Amino acid sequence: MHGNKSTVEDVDVMESLFVFALIWSVGASIIDGDRPRFDQFVKQLSQKTLVNVAGKNKLPKDETLFDYYFDLIKRMPMQWTPWSKQVTEYVPPQPFEFSKVIVSTIDTVRNRYFLHHLTQSGNNILFVGESGTAKTNTIQNYLLHIDREKYSAVNINFSSRTTSLNVQKTLMDNIEKRGPVWSPLNGKKLLVFVDDLNMPQVDTYGTQQPIALLKFLTERNMMYEREGDLEAIHTKSLFWIAAMLPPGRGRNYVDPRFVSLFATFNVIFPSKDSLLRIYSSILKCHTEQFNGEVQMAASQLTPMTMSFYQSITERLPPTPSKFHYCNEAASLLTHKQKKKGLCQSLPSKYTTSSSFVRLWRNEILRVFGDRMNVQEDKDLLEKNLLPALLQQFFNTDPTLQTSVLKTPILFGSFEQNNSDTIAMYQDLKDYSNVKMVFEEVLRKYNLENNGNKIRLVLFEDALEHIVRIHRILKLPRGNALLVGVGGSGKQSLTKLATFCCNYDLFEIKLTRNYCEHDFREDLKKLYQKLGTGKDCTFLFTDAQVATSRFWN
Ligand SMILES: Nc1ncnc2c1ncn2[C@@H]1O[C@H](COP(=O)(O)OP(=O)(O)OP(=O)(O)O)[C@@H](O)[C@H]1O
Ligand SMILES: [Mg+2]
């Protein structure tokens, strides 16, 4: 399985290898709930002794075979080893970029192991898993660290608008003709990562054209020219890594004959322990420079957030009118949004546990509360927060309660002419402070945009909204979807927040017959602007969606 060609003569090793291969071939696509049953079945078939500490010829009793691998390389004598042995300490990415954070867990090491060994041995690999199981992250992270001497990589993101021609063009840009065969540039092997594989539209004949092309290419290593003489293009050294959401629930099924060309793995959602490990590692690392009191509070916040999250998702599940409420599967993303906020804090601004816990409360209210569209639900959220805080903090130090629960709760980074935004994410304490800042911003805006003045009365609700929008615009990769009745100031507040961030505002202008082509041209202009290093807010309203194709 991993290209180690040395002969194995030990029967026990052979048998163990067979069991390992069985688990990760037949069993690899089995969903989480059925894994224990499959494990029991294989253990029974193998007739091996079950023990507490697994060895060469003995299988683990209390854990499943999915939690172990047969270590043929590092361990002498070869033996069954828990994946957890490979889990390493969290190291933040350098330079720190939140989207690149990946904390080593059983799932990530396991997925990496298969990515490595299967691509090395020339197999195609497909990860199927719910949103937030880090499919994209794990694969991209793996591709970042491949041996660049031997491999190059290309990323293709499928959407419902992807056509087979798009795919072919991307591939052709990455291969060149050498003799009769097309091969990757510079004589390397090419790893093609196709993300969201099942997204392309299903046509009248039940086919997804990009997938039909890939099937042809994977199976026969050839495709045809699209113009000219329609000559055959023979390829070599192309290897495929793909990821997709499980089919069903509105997602497309992919041709099973195509899937059969891949080693398919069901990527499971991280266990509670893994989740705890992910969040606490990120927060622990972030608060290393903070004083002891804050570090202590931070260590208590992660388990608290998790149980809080569970109780709130049970009480406020998504429903048709509240489809945007969180569900279990989205938890990693939601938690990460919150951590993103916490990671904006700097030691100089947060010197006491109360200030840090207050920041945490703000992030909870922003990430969970801001999406709630009924006051009742917002109240429930606050009500649920209290017992958790009481139990962890207020009972031991009642003075904390007043400072943490004080309203209004407004956090942001507003000092202007200072490019170091992280340094400024802080408690703004009062409406009057925020009002002062924004009245000044509004005055400046109107001076600069004489013909296009914004007339706004900055009452308290408007201030709260603008602080929220501003907070999101300042977060790396921050996107906001503002939902509200017409005239509630969504656009004006966004314009003002953008001006306050010192970003440019980019909007499309709908004209008669504005079509997808115009939209693409506009997007090109946006990218050119971004290329100059200028930060931009892309303001896009529902009235500008001339066709739903714009979404893709
Ligand atoms: N072990 C981990 N360490 C750090 N972050 C993680 C880990 N696992 C998942 N995440 C985070 O969860 C989020 C989702 O990851 P990612 O986008 O890769 O998921 P996905 O499976 O590709 O989801 P989708 O199907 O929606 O594209 C990311 O923010 C990712 O960083
Ligand atoms: Mg993804």
Side-chain angles (χ1 to χ4, degrees), residues 2-3 93-95 97 99-100 102 111-127 135-159 161-197 199-200 208-244 254 258-259 261-263 520 523-524 527-528 530-531:
H2 50 67
Q94 290 303 339
E97 225 180 288
S99 57
K100 298 224 170 97
I102 187 126
N111 294 336
R112 254 188 105 92
Y113 179 95
F114 293 121
L115 270 172
H116 179 69
H117 289 295
L118 287 167
T119 48
Q120 294 289 306
S121 53
N123 287 290
N124 304 318
I125 178 163
L126 169 65
F127 281 163
K135 303 180 293 296
T136 308
N137 244 21
T138 313
I139 298 172
Q140 279 177 343
N141 194 279
Y142 170 71
L143 293 178
L144 269 183
H145 297 101
I146 46 173
D147 179 358
R148 292 278 156 189
E149 298 276 299
K150 286 195 201 146
Y151 291 95
S152 52
V154 55
N155 203 340
I156 308 181
N157 259 71
F158 275 10
S159 76
R161 307 272 305 137
T162 308
T163 63
S164 63
L165 187 61
N166 299 144
V167 180
Q168 187 157 344
K169 276 188 178 154
T170 313
L171 289 174
M172 292 306 286
D173 287 344
N174 287 282
I175 53 180
E176 60 190 356
K177 195 163 187 200
R178 292 177 167 222
V181 182
W182 289 73
S183 52
L185 310 180
N186 307 322
K188 296 182 188 178
K189 292 178 178 171
L190 183 64
L191 298 175
V192 189
F193 169 34
V194 184
D195 204 1
D196 292 325
L197 182 76
M199 288 286 273
Q208 290 170 292
Q209 292 186 6
I211 290 178
L213 175 82
L214 291 189
K215 177 169 180 287
F216 200 71
L217 194 54
T218 331
E219 245 175 358
R220 300 165 192 237
N221 289 327
M222 71 166 289
M223 53 189 171
Y224 287 100
E225 262 184 4
R226 293 301 182 100
E227 44 203 20
D229 298 336
L230 309 181
E231 293 243 344
I233 301 171
H234 294 275
T235 61
K236 69 168 195 186
S237 304
L238 294 183
F239 301 93
W240 305 89
I241 301 175
M244 69 180 201
V254 175
F258 176 63
V259 175
L261 303 172
F262 286 75
R520 282 182 188 275
L523 287 183
K524 275 187 204 160
Y527 290 148
Q528 275 164 0
L530 294 173

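Quick caveat, the model's predicted, so the values are computed rather than measured.
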- request: Check step by step if side chain to side chain contact (heavy atoms under 4.5 Å, CB included) holds for Val254 and Phe262.
  value: CA-CA 12 Å; Val254 175; Phe262 286 75; over 6 Å; no
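- The two residues Thr162 and Pro210 come nearest to each other via the heavy atoms O-CG, 3.4 Å.
- For the 3.5 Å distance criterion, the side chains of Thr119 and Tyr151 fail to qualify, holding no donor opposite an acceptor.
- The distance from the CG atom of Asn166 to the CG atom of Asn157 is 12.0 Å, given to the nearest 0.5 Å.
- The CZ atom of Phe193 lies 7.0 Å from the CG atom of Leu143; values are rounded to the nearest 0.5 Å.
- For CZ of Arg220, the number of neighbouring non-hydrogen atoms (other residues, nucleotides, ligands) closer than 6.0 Å is 12 at most.
- For Arg520, the CZ atom is loosely surrounded, since the number of other residues' heavy atoms within 6.0 Å does not exceed 12.
- Proximity of Ile233 to Glu225: side-chain heavy atoms (C-beta onward) are separated by under 4.5 Å at one or more points.
- Other residues, nucleotides and ligands contribute over 12 non-hydrogen atoms within 6.0 Å of the NZ atom of Lys215.
- Taking CD1 from Ile139 and CD1 from Ile241, the interatomic distance works out to 6.0 Å, rounded to the nearest 0.5 Å.
- In this structure a side-chain-to-backbone donor-acceptor pair under 3.5 Å is missing from Asp229 to Glu231.
- By the side chain to side chain donor-acceptor pair (under 3.5 Å) test, Thr218 is found to be paired with no residue, residues two or more places apart in sequence or in another chain being considered.
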- prompt: Which is it for Leu238 and Ile175 under the side chain to side chain contact (heavy atoms under 4.5 Å, CB included) test, yes or no, and what are the steps along the way?
  reply: CA-CA 9 Å; Leu238 294 183; Ile175 53 180; 4.0 Å; yes
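- Asp173 places no side-chain N or O within 3.5 Å of a backbone atom of Thr170 that could act as its donor or acceptor partner.
- Using a 4.5 Å heavy-atom threshold, the side chains of Val167 and Val194 count as separate.
- For the pair Glu219/Leu261, a side-chain contact is recorded, criterion being any heavy-atom separation below 4.5 Å from C-beta on.
- Using a 30° and 60° split on the angle between ring planes, Phe216 and Tyr224 fall in the tilted class, from 30° to 60°.
- Gln209 contributes no side-chain N or O that, together with a main-chain N or O of Ser164, makes up a donor-acceptor pair within less than 3.5 Å.
- A donor-acceptor pair shorter than 3.5 Å can be found between the side chains of Asn141 and Arg112.
- Closest approach of Arg148 to Ala153, counting heavy atoms only: NH1-N, 4.0 Å.
- One distance of note links CH2 of Trp240 with CG of Leu197; it measures 10.5 Å at 0.5 Å rounding.
- Partners of Lys188 according to the side chain to side chain donor-acceptor pair (under 3.5 Å) rule, which considers only residues two or more places apart in sequence or in another chain, do not exist here.
- Here the CG atom belonging to Leu191 is positioned 11.5 Å from the CG atom belonging to Asn174, to the nearest 0.5 angstrom.
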Derivation and outcome, side chain to side chain contact (heavy atoms under 4.5 Å, CB included), residues Leu171 and Thr235: CA-CA 10 Å; Leu171 289 174; Thr235 61; over 6 Å; no
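- Among all heavy-atom pairs drawn from Phe158 and Asp196, the shortest one is CB-O, 3.2 Å.
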message: Working note: Met223 + Met172, criterion side chain to side chain contact (heavy atoms under 4.5 Å, CB included); need CA distance, chi angles, decisive distance, verdict.
response: CA-CA 11 Å; Met223 53 189 171; Met172 292 306 286; 3.6 Å; yes
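- Expressed to the nearest 0.5 Å, how far NZ of Lys150 lies from CG of Asn186 amounts to 16.0 Å.
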